[in-house]
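Every heavy atom of this structure was used, including side-chain atoms; hydrogens, water molecules and symmetry mates were not. Order of listing sets the numbers, starting from 1, for every ligand and every atom in it.
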Amino acid sequence: MKHLISAADLSLDVTIALLDTTEEMSNVNEREIKKLPTLRGRTVVNLFFEDSTRTRISFELAAKRLSADVIGFTAKGSSVSKGESLKDTAQTLEAMGADAVIVRHHASGAAQNLATAGWISAHVVNAGDGKHEHPTQALLDAFTIRKRLHGAGSTGKNLAGVRVLIVGDVLHSRVARSNLHLLRTLGAHVAVAAPATLLPATPDALVAEHYFDLDEAIAKFKPDAVMMLRVQLERMSASFFPSAQEYSANWGLTRERAVALPATTLIMHPGPMNRGLEISSYAADAPQSTVLDQVRNGISVRMSTLYHLMAGDQQ
Ligand code: NCD
C-alpha cells in the first residue's frame, strides 16, 4: 500500500492487518516510554488546509512515537494565503524532504490528486477531503467498536453482525462515507437515520438502509453502536433544518434517548461535538460513550497507518 486515500480501497485482509497493528501500537502507547525507532530519519508533513484538533495532533504524535521528524503546516499563516496552489505547496514540501504527506483539504478529491497527479513521490494519507472521505477516522471507529466488543481477544476479528446506526448530517459527512465503506467491509450491518434534507438527493447503495425517524430507527434497528455526526454548519450553503431546537429534539441524542438505550449500546461521536445540538452532554459523558476512547485510539490507528505505508521503504 503506497497511499491511503479512501476506505473504499481497503480490502478485508488489509483492514484487519491495520487494526491488528493498531492493537500492537496501543500496547506501545500504554508503556511509560511510548516510542518505537521504526521511522527514524523519515519526515512526515502534516498539510492542513482545514481546521483540525484531533486529527492533526494525533498524526503528529503518531509520527513522533515512530521516531519520524514532523513538520506541521497549516494553511493559515503560510503562503497559501498568498494564493500558492496545492501543487506548489506540496512540491515545496517534498523538496524539503517529505517522505509522507498527511493532507486535509476542503476539496473532495484533493488527496487523490496529490497522490496521482505526479507532482510528488511521497506517500499520501487523506486526513479528510471535503465531503468525501476520512479513512483513518473510520479505522479508529472500527477499532474502538472491536475493542469494546472483544476486549483483549480482538486480534484477527472482523465486525460480522455488529449493528451500527449512523445518525444526522450524512450529506456533508466524510466520516459517514468512510464508515459506511469500512464497516461493511468488516461485515457490520450499517443503517443511517437522517432528515431527508441531510441525505444525498439520490440515495445510493451506501445509504440504502435509511430511517427518517430516529426513535423508529433505534426501536427497529436495535443498534449495538449509535454513531452521532456533527452538524457541518460550515458546509451548509442553505438552510437544511428549521432551527437548532427542532434538530436537537428530532435528531439529537438527548438525555431521554440516551437513558432509554440499553447500557451496552455504544455512543460514538468523531468530535468536535456540538453539545446540545446533535448530542446532549448527558450522552457524551455517559459510561457507554466512546468519545475519548476514539481520540486515544486515533493515535494508535495513525501509527499503524504510517507503519504500513512507510516501514517497508528503501532507506
Ligand atoms: C471530523 C472531520 O473533520 O471530518 N472530525 C475529526 O476528524 N475527528 C468530523 C467533523 O468535523 O465533524
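- At least one heavy atom of P272 sits closer than 4.0 Å to an atom of ligand 1.
- Of all the listed residues (P270, G271, S173), G271 holds the heavy atom that lies closest to atom 5 (N) of ligand 1.
- Proximity of R104 to ligand 1 is established by a heavy-atom distance of less than 4.0 Å.
- With ligand atoms numbered from 1 in the order given, ligand 1 contributes 6 (C), 7 (O), 8 (N) to contacts under 4.0 Å with heavy atoms of Q137.
- For ligand 1, the atoms sitting less than 4.0 Å from at least one non-hydrogen atom of Q232 are 10 (C), 11 (O), 12 (O), numbered in the order shown with element in parentheses.
- For the ligand labelled ligand 1, residue E50 lies outside the 4.0 Å heavy-atom shell.
- Residues S121 and E94 have side chains that bring a donor and an acceptor to within less than 3.5 angstrom of each other.
- Annotation: atom 11 (O) of ligand 1 to nearest protein heavy atom, R230 NH2, 3.0 Å.
- Ring orientation note: the planes of F241 and Y247 are tilted relative to one another, at an angle of 30° to 60°.
- R174 and E50 are joined by a salt bridge, as a carboxylate oxygen and a charged side-chain nitrogen come within less than 4.0 angstrom of each other.
- Looking at every heavy atom in both residues, V14 comes nearest to S11 through N-OG, 3.2 Å.
- Near V175, meaning under 4.0 Å from any of its heavy atoms, are these atoms of ligand 1: 1 (C), 4 (O), 9 (C).
- In terms of protein heavy atoms, atom 3 (O) of ligand 1 is closest to R174 NH2, 2.9 Å.
- Of all atoms in ligand 1, numbered sequentially from 1 with element shown, those under 4.0 Å from a heavy atom of H134 are 2 (C), 4 (O), 6 (C), 7 (O).
- By the side-chain hydrogen bond (donor to acceptor under 3.5 Å, both in side chains) test, R302 is found to be paired with S58, T136, residues two or more places apart in sequence or in another chain being considered.
- The neighbour count for K131 NZ, taken as heavy atoms of other residues, nucleotides or ligands under 6.0 Å away, does not exceed 12.
- For the residue pair D141/Q137, the side-chain donor-acceptor check at 3.5 Å is satisfied.
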